[in-house]
Amino acid sequence: MALSTTRGTSSSSFTQQCRYDVFLSFRGEDTRNGFTSHLNGILRYNGINTFMDDELPRGEKISAKLLEAIESSKISIIVFSKNYASSAWCLDELVKILECKNNGQVVLPVFYKVDPSDVRNQQEKFGEALATHEKKFKDNKEKVQRWRAALNEASHISGWHYKNDRPQFRFIEEILEEILSAKLNRTQVFDVKYPVGIDSRIEEISRLLDIESNDVRMLVIHGLPGIGKTTIAKALFNLIAYRFKGSSFLEDVRENSKANDGVLQLQKTLYYEILRVGKLKEQGISTRKIEIMEKLQYKKFLLILDDVDKLDQVKNLLGECNWFAFGSRIIITTREKTLLSTLREDCHLFYYEVKELDECESRELFCQHALRRNKPTKDYSELVHQFIGYAKGLPLALKIIGADLCDKNLQCWKSALDKYKRIPNPNIQEVLKISYDGLEQIQRDIFLDVACFLKGFYKNLVVDILQSSNFHDPYYDIEKLIDKSLIVITKDDKLLMHDLIQQMGLEIARQESEVSKKYRRLLCYEDAPEVLNEDTGLDEIRGITLSLPHPRKMQLNLEKMKSLKYLTIHNVICEDLKYLPNGLSLLDWNEFPLSSLPSTYEPTKLVVLNMQGSHIELDEHFERCRFETLKYMNFDYCKNITKLPDLSVISPNIKKVRLYRCINLVEVHQSNGLLEELESWDLDGCQNIRIFPRNLRLKSLESFYFDWCGSLLQRTERLALLSSIGYLISLHTLRIYFKNVKDSSNIYNLQNLRRLVLCDCESFPKARYISGCFPKLQYLGFLNSNITTLSEIAHRCPKLETLWIHRCRNLREIPRLPPCIRNVFAGGCNSLNSRCRRRLFSQLGDAIWLPQNLVCGYSNMGSSHQEFGSELGFASKWSCFSFALPGTTIPKWFNHQSHGSSISFSVGQKFPSFALCVDLNGKYKDNVPLVSQLFPCSIYLFINGFGERLGRCTFQLDSLNFMWFHYVSVRHNLLKHIILGDRNDVTVRCEISNDYSETVDITIRRCGVHVACMCPPQNSAADKVLKEASFDERLKLFLSKVVAEALPFEQEMVGCSETQNANLCPLCEIAEDSALHLFQRCPYAKGMWYGGRWGFRIEMIHAKSVKEFIEQIVDPPKELLAERVTKDEFTLYAVVAMKILWDARVKALVSETKESINQLAHRLNTQYDSNLRSLGTTRGTKEQKRESAWTKPPDQLVKLNFDASCDQNNVRNQEGNGRAIRRGRSLYTPVLKGHSDANEVFLGIFDPFEGSRASLLRQLLARNCTTLEEPKQSTKTKLQVQCKHPTAPNQPLGTDN
């Protein structure tokens, strides 16, 4: 049995209180007074608490008391006997038991004197019983289908088969042994009061454990302090311990190991809990360890070691971890990820990091503790939102604060919130501080420096700063903090920490200052501290952050701060700064008020110089400075800078230079084009640059921003700059001004580019070779450009994910984009034609596999419809997808559309993916010019009245009307943990934040949703499929997909082999692959339809589209029906045939093997007979009259025509239909001209009649033809045939007309 939990529920399977050990399901008349009675007695004698429904009154419907008994049982035993299926009561019990199995209940079947295959296939007595039920419940066929599915599922569960070949007592003893083992290990050892978010995490862990495999696995569960590692481990132990022959959960190993006899007690507990017998001798640690290994090495066991912080604690219990029995699982919870890294060679070692709760989970857990309910009341809603924002998904904080606020009024809540923002809760602080206490002193200092000053910096920059401050490489110590989950590294390599971890660090720094009476780290956000004006204790200060809410004049006495390493100042005006400490590593002073640094300052250790918006001039004093250690320089928005001096002399090791919007910058020294260490250079908006390095040889440069600048460069300098761009081969990001540049082909030398933005370019740069010009490019942007089309963009940028086009007024065409595209924005591109917009909508819909003409479904579709929505939900690899284009019309294939900013629909238990399309309109007020303005648009998702923000996107309003398309996959984090019922009302609402309401009105006129929902369908064909079809739900689902054009033709073809043409039908390899071709025109289809029981000629259905084809299948005209064939029988036969063709196509794609026409026809007959029973009839099994459209052909004729029409050397005729040519034979020709008799048909041109094949053809034709004329030509023979049967249709066999 695989691990299973009920995701999203508040009371999970592993915390349910069970009243009974075993529930017995049986057929009373078969086994009540025999086998089941004996089994029940023996179980009860051995202390097993059973439930046997021998006292409940019987009736048509299963009683509520019985359902409750099933739910509250740990184990269910199903005794399948010969008459079990004849009882609707028993079958309802079975369905309920299997539902509970999905929630963790153990289910054990006993096949008492019946064959499991009879249960699985509903044969013999089981088949007879189900046939009787179908007649009785003809108005509720879904119920019978559920019974059939339940019997099939139960028959696959491992159990016992009693064949009357041994004494019943021994057989029952085997069952008793299994039950005792399961009961012993299934006990709920730990109580998880509010298991919010646990199920989804256990689901992920279960995939790593893979209990079904027989190897040995060790799993390390790690994460933040207070993140819930122990809670998850306890819940996991409750859920899976019964699967092992022995199990043990050792709590708090870290603390227990510190006691004098702590290791002894842990070893004793481990020994007894797994073996359940004997005692461990009190010898030395090593001797006891050897005894444990000897006794346990042949026993499959589960062991959980909770809260381990040293490898020795594991080795004292388990040695080198290389002796475990097959199938054993060892789980260790720890705050340090790499604790067991040295064991990797000895066992299968896996890691699982526990993440913070998301917003939904945080709200539920907090409300359970604070309000004893899942959701807050209206008056507490805003405060709940603020508290969960404070806790940032940490379960420990949510539990402690929630419990503290329980039964408190609003005033207390507000007061507590204000307090917690200033002073951390001591109970939370105590738990979080354990990790800090386990650090070395240098690691503690680094942690506090990061918490106070360096959070949010890039990791490499932090390493440089700390190395400058501490004289040693801190990389190892930073990794140690990461291993202990005290700090984390983001995807873009920034160094962050959880807000509560940071608050803990700040509180530790504050407490240290109180104890020592000396400040080492000063952080002031509201007022300047008095210590800055004191004369004592200043030499101990290591760092200062002085960030005031409003600008304020003050004097800073920094001369005595000899130990100062970090100085961050905002909103402080100091007009007479005479001194800066020479030991500074970080100087961050926004709006620095002076034109130059103090003349006495010698920056011998400075790594970061950040002076955005300051008055600095980079004067002669700056040029005399030697910033040998400087790596990062930021002078954004500094209006007084006119020249960037020679940095190769001033700061030769500089890595990053920012001069964004230095609008008075005129000259950049020529030597700055040769900086070997420079990695990033931002000159965007420096519009007055006139002198710039002609030669760029920046071998380390990865990012270069040169937009809105260079327009004043001399022509020769501009050409020199652009020609040298091609030498920057390390570039990952380039944003550059390309106005009046005719030849920019050298840009294709930049093969490592990931992001490229071209401003004011006349056309897309020309390339000698189109394919793979930018093999790694993921982001491409055009700004204010005159381009008219983006030719061959899919070939030039095969990995492009984002296309951003802004104010390209002449752009008319965006060709087909690469398949990995996920974001497109075309703002202010009002020349894009409607055909291009429709094609983009269609292509982007295909990219995420959203089928057009998606049908809405009825709630009575049940699980099949849910399956459909689920399949759609997992089609795209992206969790979200977005693009915006000029226009006002929402595509018709959005099956829900409405006026205004919101739209509603209903879904089932599995939330499907969906796409949203919004029509946005901007209307400028009178006498207001059209300018580019930014505004955000947010999407809110409401499910059964509960809402969350799903996403947000910021747009530039350059055009008055545009469409925003946004796709949300079920992979989206918010959708993973939603609690859903059988039917759920969903509302999607869009909201705009307009900060420019005085100048422009922005409204949402319409919105549409494309979703697999449960709403009533609006498509007539779909309506007939869902309403009128009365056969198996799986066939109904398949037919619904055909109607919706949701069969994955294109995505299936992605996996075809090199020998297969991705555009051709994989069966015939003649015509283009499509649904209509597969079901009607393919030679395989024609052969199978005609080779089936009734020899139906599929050409009788005249359809130009799949929709028309299905309409005739569901509601067939009279001419398609043979005598005594009902509409239901016809529809069933047709859908079975279509499903067989689809399966054959998939098999041909995947395995490159094809079934023969006779095999397909045989499957059609067999599966039709099987499904026919569900209609409650046995008709249709006899051959129909030849005068109808259902005419059985000779098998040899079918094979002959099929062989010829499926030759590999085929071409297509003008209509796109298949045409076969094989060694001079052609089976495609029009009806012979000049013959008015409808019974004469022209079969084709053949080689001269010779050999057995010619003889066979003569015999076949002689049976059904009145004339056979053979011309005398020796090379080719024209064959004219007149059919014997005057009513035969005027169509040649084996053609595609």
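The main-chain N or O of F26 is never found under 3.5 Å from a side-chain atom of T36 such that the two would form a donor-acceptor pair. A donor-acceptor pair under 3.5 Å is formed between the side chain of Q313 and the backbone N or O of D309. The backbone N or O of I172 sits nowhere less than 3.5 Å from a side-chain atom of W160 that would complete a donor-acceptor pair. A distance-only check finds a donor-acceptor pair linking the side chain of S328 to the backbone of F301 [under 3.5 Å]. Side-chain atoms of H222 never come within 3.5 Å of backbone atoms of L339 as a donor-acceptor pair (strictly under, hydrogens ignored). Judged purely by atom type and a 3.5 angstrom limit, R329 uses its side chain to pair as donor or acceptor with the backbone of L209. One N or O on the side chain of E361 and one on the backbone of D358 form a donor-acceptor pair closer than 3.5 Å. Under the 3.5 Å distance criterion, the side-chain polar atoms of S73 are left unmatched by any main-chain donor or acceptor of I75.
A cation-pi arrangement is not found for R166 relative to F171, the charged atom failing to lie both closer than 6.0 Å to the ring centre and inside a 45° cone about the ring normal.
There is a side-chain donor-acceptor pair under 3.5 Å between S25 and E93. A donor atom on one side chain and an acceptor atom on the other are not found under 3.5 Å apart for Q443 and Y476. In this structure, a donor-acceptor pair under 3.5 Å is present between the side chains of H472 and D477. Neither side chain, D307 nor T333, offers a donor N or O lying under 3.5 Å from an acceptor on the other. With 3.5 Å as the limit, one finds a donor-acceptor pair spanning the side chains of S435 and R335.
A heavy-atom distance below 4.5 Å is not found between the side chains of V314 and D312. Annotation: side chain of K234 is in contact with side chain of F249 (closest heavy-atom distance under 4.5 Å). Taking 4.5 Å as the limit, some side-chain heavy atom of I478 sits within range of a side-chain heavy atom of L495. Put simply, the side chain of V106 does not reach to within 4.5 Å of the side chain of K74, judged on heavy atoms. You'll find the side chain of E356 reaches within 4.5 Å of the side chain of H498, heavy atoms only.
Heavy-atom minimum distance, L394 versus P225: CD1-O, 3.4 Å. Shown here for S248 and L270, the closest heavy-atom pair between the two residues is OG-CA, 3.9 Å. The shortest non-hydrogen separation linking L208 to R217 is O-NH1, 2.6 Å. Considering every non-hydrogen atom in both W323 and Q297, the closest pair reads O-CB, 3.6 Å. Considering every non-hydrogen atom in both V263 and S257, the closest pair reads CG2-O, 4.5 Å. A325 and Y298 make their closest contact through CB-C, 3.8 Å (heavy atoms, listed as atom of the first residue, atom of the second, distance).
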Practice item. Please assess F80 against Y112 for the test ring pair (Phe, Tyr, Trp, His ring centres under 6.0 Å), listing each intermediate value before the final yes or no. Key: CA-CA 6 Å; F80 287 114; Y112 183 75; over 10 Å; no

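By the 4.0 Å N-to-carboxylate-O rule, K258 lies close enough to E255 to be salt-bridged with it. Salt bridge annotation for E479-K337: absent, with no cationic side-chain nitrogen under 4.0 angstrom from a carboxylate oxygen. The existence of a salt bridge linking D493 and K459 is excluded, since no basic side-chain nitrogen approaches an acidic carboxylate oxygen closer than 4.0 Å. Salt bridge K96/E99: present, at least one basic N to carboxylate O contact under 4.0 Å. Contact check on E353 versus K355 returns a salt bridge, with a Lys/Arg side-chain nitrogen under 4.0 Å from an Asp/Glu carboxylate oxygen.
Taken from NZ in K480 to CG in L486, the straight-line distance is 11.5 Å, to the nearest 0.5 Å. We find the CD1-CG distance between I232 and D306 to be 11.5 Å, quoted to the nearest 0.5 Å. Note that CD1 of I331 and CG of L219 are 5.5 Å apart. Values are rounded to the nearest 0.5 Å. Atoms NE2 and CG, from H156 and L151 in turn, are 12.0 Å apart once rounded to the nearest 0.5 Å. Between atom OG of residue S76 and atom CD1 of residue I70 there is a gap of 6.5 Å, rounded to the nearest 0.5 Å. Rounding to the nearest 0.5 angstrom, the gap separating the CD atom in E204 from the CG atom in D199 is 11.5 Å.
Within 6.0 Å of the NZ atom in K310, the count of heavy atoms belonging to other residues, nucleotides or ligands does not exceed 12. Atom CD of E430 sits in a sparse spot, with 12 or fewer heavy atoms from other residues, nucleotides or ligands closer than 6.0 Å.
If you look at H369 and Y194, their ring centroids are closer than 6.0 Å.
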